[in-house]
Amino acid sequence: MQPALYPQDFRTALIPPASGKRRRNPRTVTMPERVGPHVKLVFAEMARQKLRYLDVAERSGVQHATLKAWRKKNRAGLESLEAVLATLGFGLVPVAALEALDPELAGELIALALKMRMNVPQTWAALIDIGVEQKLLRMRAEDRAAILVDHDARMAGHANDNVKQQRGSEVASSTK
């Protein structure tokens, strides 16, 4: 049996709000009704992993008040959303709908997804991972080691450590 090209919950249109029924087992983090799918993922994962707002705020570097404001007042910014998703064990990868792609590329993508027995978003993520690995393999060993050391140092802290990186001109002036 062929796998579905997109997961059943993959949507490009807004989902209508849920009915007003109350749950018997209330969670510490409830699901907001009128937010985007990325923010719904954040709150669903917080509930699934049994994390409180303070836990996520502390680990991600995003303020507690910002997380709570995502529920009704504010839209999530890209950097904050990526930091929170990284804290929850997710990455943010844009996935094009097949209709938006060149027909030849869409056909090849479908063929690859079927061959790999994956859906289209999983195939895109695998292709991105392969591209990153290929780029790392083409780099000189010293450059690759420096990037990996910097990445490991950043990941040892919080997902959003707010440490500014030095630019090339700043590095040159600081070494003189």
Side-chain angles (χ1 to χ4, degrees), residues 1-19 21 23 25 27 29-51 55-56 59-62 67 70-71 75-141 143-156 158-161:
M1 180 174 191
Q2 296 293 339
L5 292 176
Y6 285 92
Q8 287 182 339
D9 58 346
F10 184 86
R11 299 182 194 273
T12 55
L14 294 175
I15 301 170
S19 64
K21 294 182 181 177
R23 294 177 55 95
N25 55 346
R27 300 178 288 203
V29 177
T30 58
M31 182 63 67
E33 292 183 13
R34 294 184 177 102
V35 296
H38 298 91
V39 176
K40 282 190 178 192
L41 173 65
V42 166
F43 289 113
E45 275 302 303
M46 286 173 64
R48 187 183 70 80
Q49 295 179 22
K50 296 182 173 81
L51 293 173
D55 299 331
V56 174
R59 294 177 191 172
S60 68
V62 175
L67 288 170
W70 286 356
R71 301 180 61 73
R75 290 182 183 243
L78 183 60
E79 291 178 358
S80 299
L81 185 61
E82 284 181 326
V84 171
L85 285 172
T87 300
L88 297 171
F90 285 79
L92 188 60
V93 179
V95 177
L98 292 176
E99 297 81 15
L101 297 174
D102 176 34
E104 185 177 321
L105 178 60
E108 290 180 15
L109 184 63
I110 289 171
L112 183 60
L114 293 174
K115 187 181 282 187
M116 293 171 47
R117 293 190 175 137
M118 297 176 145
N119 59 42
V120 172
Q122 291 171 331
T123 305
W124 275 118
L127 290 171
I128 290 169
D129 289 343
I130 291 168
V132 168
E133 288 294 324
Q134 291 297 316
K135 187 171 183 176
L136 283 173
L137 289 173
R138 285 191 297 265
M139 294 175 74
R140 292 190 325 222
D143 295 339
R144 185 171 58 235
I147 288 172
L148 292 174
V149 165
D150 181 53
H151 178 266
D152 291 343
R154 286 180 168 277
M155 289 298 120
H158 298 294
N160 182 6
D161 60 5

Inter-residue atom distance His38.NE2 - Glu82.CD, 0.5 Å rounding: 10.0 Å
Once side chain to side chain contact (heavy atoms under 4.5 Å, CB included) is applied, do any residues pair with Leu101, and if so which ones, sequence neighbours excluded? Ala96, Leu98, Leu105, Ala106, Leu109, Trp124
Looking only at heavy atoms, the pair that brings Phe43 and Arg71 closest together is CZ-CG, 3.5 Å
Not counting sequence neighbours, which residues clear side chain to side chain contact (heavy atoms under 4.5 Å, CB included) with Gln134? List them please. Ile130, Leu137, Arg138
Heavy atoms only: give me the nearest Val56-Thr87 pair and the separation to one decimal. O-CG2, 4.5 Å
Salt bridge (Lys or Arg N to Asp or Glu O under 4.0 Å) with Asp129: which residues, sequence neighbours excluded? none
Nearest non-hydrogen partners of Val62 and Ser80, listed with the distance: CG2-O, 3.7 Å
If we only count heavy atoms from C-beta on, is the Leu112 to Glu108 side-chain gap below 4.5 Å? no
Test of understanding: with side chain to side chain contact (heavy atoms under 4.5 Å, CB included), list the residues that count as partners of Gln49, not counting sequence neighbours. Glu45, Leu51, Leu88
